Amino acid sequence: MTAYRLHLRRAGSLAAARRALEETLPAYAHVFPADKAAPILVKPNLNANMNALTGNTTDLRLLCALLGVLRDAGYGDLTVGEGTNSGFYRNNIGVIGRLAVDRAAARFGVPVVDLNHAPGRAVPFANGVTAQVAAQALDAALVINLPKLKTHFEAGMSVCLKNLMGCLVGQENKKKTHQSLAANIVNLNAALRPGLHIVDAMVAMEGLGPTRGTPVRCDALVFGENPYLIDLACAKLAGFPADAVRPLAQARQRGLVPPDMIAFVDSLALPLLAGRPFAPPKAGPIATFVHSPKRQKYFLAVRNLALFRYLAGTDWFGALLFKTGLRQDVFCHAEMRLEGLRLDRETCNTCGACQGLCPMGLDPAAVAAAGGHADCIGCLYCFLGCPREAITFHGEQGFLAEQIRQYDTLVRALYGQERGEKGREREE
């Protein structure tokens with residue numbers, strides 16, 4: 001039997017994520033390059049400008065903890081790279097900046113690259129098609145994949161396998177994936193082969209992911225080398241049927257998910273991270289009909305028409321697509337302008353929720369009370385997660401107003417009752 005390995009770790013804050021990395025990465029020392037000057041690419045999931053507390057994108061607390069650990073270990077050639085959602089790319093919206101990923105990485109002297117604009121090389125897709133994958137991802141001595149644990153209305157779930165779509169160069173190559181989605185996700189993983197996967201389940205997403213689902217606080221990270229094994233385990237952790245994860249089903253058909261791998265995962269006493277199964281990604285009737293694999297090619301043909309692309313760029317038609325469920329994202333062009341955060345001392349009950357939320361390890365209540373801090377990157381996790389709304393925003397919300405409209409109550413509820421750092425931790 002093949003030796004399989006994965007680690008499930010508790011992590012609900014920057015400090016806990018750092019501890020989890022320091023305790024777990026030695027078990028994967030063999031995947032790291034011996035030459036500490038060799039290039040390492042860190043690949044988060046930056047699907048949209050909805051931040052990690054919505055369950056949408058990779059948590060800055062995990063990213064900062066990882067960059068700190070790697071820098072302290074002496075790795076000198078680190079890059080954060082991601083090719084963000086094609087709709088934001090098409091609308092010239094800078095997701096990386098809106099999520100403060102560039103500002104977070106800069107604290108560690110690490111550059112961030114938008115792989116949509118990177119030089120590419122062709123990799124084989126289904127039916128004789130080729131797609132351009134960022135050469136920087138193909139040439140790295142090590143790719144560390146940081147997917148988000150979330151449900152996905154087309155793929156079933158989006159974890160390790162699906163996250164590599166962000167290594168495709170530009171909208172044209174991302175569109176090619178959808179010609180045969182499950183098969184091409186597996187093809188992409190065969191070409192790229194990241195050496196390490198760390199799944200962000202600090203705040204996961206259930207329901208209509210990858211953007212319009214419901215955040216679920218799980219306070220967990222999942223480590224491993226084999227993306228098929230990790231995705232299979234994550235399905236079990238979410239109480240989600242593995243057969244409904246289309247890339248996994250495709251991989252199983254190709255013999256990449258052998259019976260002994262399934263038996264290994266079945267033997268693990270993995271907990272349901274939410275204490276119950278995740279809600280499935282059930283779309284509305286129009287989106288379900290259009291996005292059926294049987295009709296996907298016809299939808300793609302219509303979507304690629306010049307008239308449709310023109311209409312999709314208008315606000316009124318975009319709003320219609322969002323309302324019908326054919327589009328998950330709202331492409332707001334208005335940028336946010338943060339003048340500062342303030343603390344409402346009478347409202348604050350010193351619950352400490354904000355301290356667990358800060359990717360920089362600051363005390364946000366103290367920062368807000370003081371009117372700012374040089375190390376604050378303006379990610380707004382503290383403002384968005386404070387259950388009592390004691391940290392207040394001053395400035396122009398811009399695109400952030402849409403996240404607040406959809407998620408304000410849901411996100412604050414996640415941190416309404418703080419939980420201790422002790423809890424589940426399992427190693428297999």
Side-chain angles (χ1 to χ4, degrees), residues 14 44-64 80 82-107 112-114 116 148 203 205 210-212 215 313 315 318-319 322 327-344 353-354 357-360 362 364-365 367-412 414-415:
L14 172 71
N45 183 317
L46 308 180
N47 177 63
N49 59 204
M50 298 280 190
N51 74 30
L53 301 186
T54 68
N56 192 313
T57 49
T58 298
D59 204 299
L60 289 177
R61 293 171 292 179
L62 169 58
L63 180 63
C64 289
V80 176
E82 165 72 312
T84 57
N85 178 300
S86 58
F88 290 92
Y89 165 80
R90 184 179 63 247
N91 282 275
N92 297 313
I93 293 173
V95 169
I96 290 170
R98 287 186 173 184
L99 293 176
V101 173
D102 50 353
R103 299 191 292 280
R107 292 293 193 275
V112 182
V113 175
D114 186 342
N116 280 312
K148 192 77 167 178
V203 179
M205 177 176 280
T211 302
R212 295 181 69 174
D315 290 341
F322 183 81
R327 173 183 287 177
Q328 288 214 338
D329 301 290
V330 176
F331 302 122
C332 300
H333 288 88
E335 294 296 338
M336 180 187 72
R337 183 174 59 83
L338 174 63
E339 295 176 355
L341 298 174
R342 299 290 182 269
L343 180 68
D344 183 338
C354 60
L357 289 168
C358 182
M360 294 291 105
L362 304 174
V367 171
H373 191 286
D375 289 335
C376 176
I377 59 172
C379 68
L380 301 180
Y381 282 28
C382 60
F383 160 68
L384 295 164
C386 175
R388 296 176 63 87
E389 301 184 49
I391 297 177
T392 59
F393 176 99
H394 295 266
E396 295 178 7
Q397 291 182 352
F399 69 88
L400 185 67
E402 179 61 27
Q403 175 173 323
I404 291 173
R405 184 187 72 80
Q406 292 189 48
Y407 284 102
D408 188 62
T409 301
L410 292 171
V411 169
R412 294 186 192 280
L414 296 178
Y415 297 93

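The model shown is predicted, which means the values in this text are computed figures rather than measured ones.
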For this session: Return yes if some donor-acceptor pair links the side-chain N/O of Lys148 with the main-chain N/O of Ala52 below 3.5 Å, else return no.
Result: yes
Problem set entry | Sidechain-backbone polar pair: Gln406 side chain, Arg212 backbone, donor-acceptor under 3.5 Å | no
Would you compute the distance between atom [atom1] of [X] and atom [atom2] of [Y] and round it to the nearest 0.5 angstrom?
| X | Y | atom1 | atom2 | result |
| --- | --- | --- | --- | --- |
| Thr58 | Asn51 | OG1 | CG | 11.5 Å |
| Met205 | Thr57 | CE | OG1 | 8.5 Å |
| Leu338 | Cys376 | CG | SG | 7.0 Å |
| Cys379 | Arg103 | SG | CZ | 8.5 Å |
| Leu384 | Glu389 | CG | CD | 10.5 Å |
| Cys332 | Gln397 | SG | CD | 11.5 Å |

Are any non-hydrogen side-chain atoms of [X] and [Y] less than 4.5 angstrom apart?
| X | Y | answer |
| --- | --- | --- |
| Asn47 | Thr84 | no |
| Tyr407 | Asn56 | no |
| Asp329 | Asn49 | no |
| Leu46 | Val101 | yes |

For this session: Give the C-alpha distance, both sets of side-chain angles, the deciding distance and a yes or no for side chain to side chain contact (heavy atoms under 4.5 Å, CB included) between Leu53 and Leu414.
Result: CA-CA 9 Å; Leu53 301 186; Leu414 296 178; 5.5 Å; no
Where [X] and [Y] come nearest, the two heavy atoms and their spacing:
| X | Y | answer |
| --- | --- | --- |
| Leu14 | Pro359 | CD2-O, 3.3 Å |
| Leu60 | Ala104 | CD2-CB, 4.1 Å |
| Pro364 | Cys358 | CG-CB, 3.9 Å |
| Pro387 | Tyr415 | CG-O, 3.3 Å |
| Met360 | Arg107 | SD-CG, 3.8 Å |
| Cys354 | Ile391 | CB-CD1, 4.1 Å |

For this session: Show your working on side chain to side chain contact (heavy atoms under 4.5 Å, CB included) between Ile93 and Phe399 and close with a plain yes or no.
Result: CA-CA 10 Å; Ile93 293 173; Phe399 69 88; over 6 Å; no
Problem set entry | Face-on cation placement of Arg412 at Phe383 ring, 6.0 Å and 45° thresholds |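 Flagged: Arg412 positioned over aromatic ring of Phe383.
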For this session: Please confirm whether Arg61 makes a cation-pi placement over Tyr381, using NZ or CZ under 6.0 Å from the six-membered ring centre and within 45° of the ring normal.
Result: no
Exercise. Between the side chains of Asp114 and Asn116, is a donor N or O closer than 3.5 angstrom to an acceptor N or O?
Worked result: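 A donor-acceptor contact under 3.5 Å links the two side chains.
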Problem set entry | Check ion pair Arg337-Glu335 (N to O, under 4.0 angstrom) | no
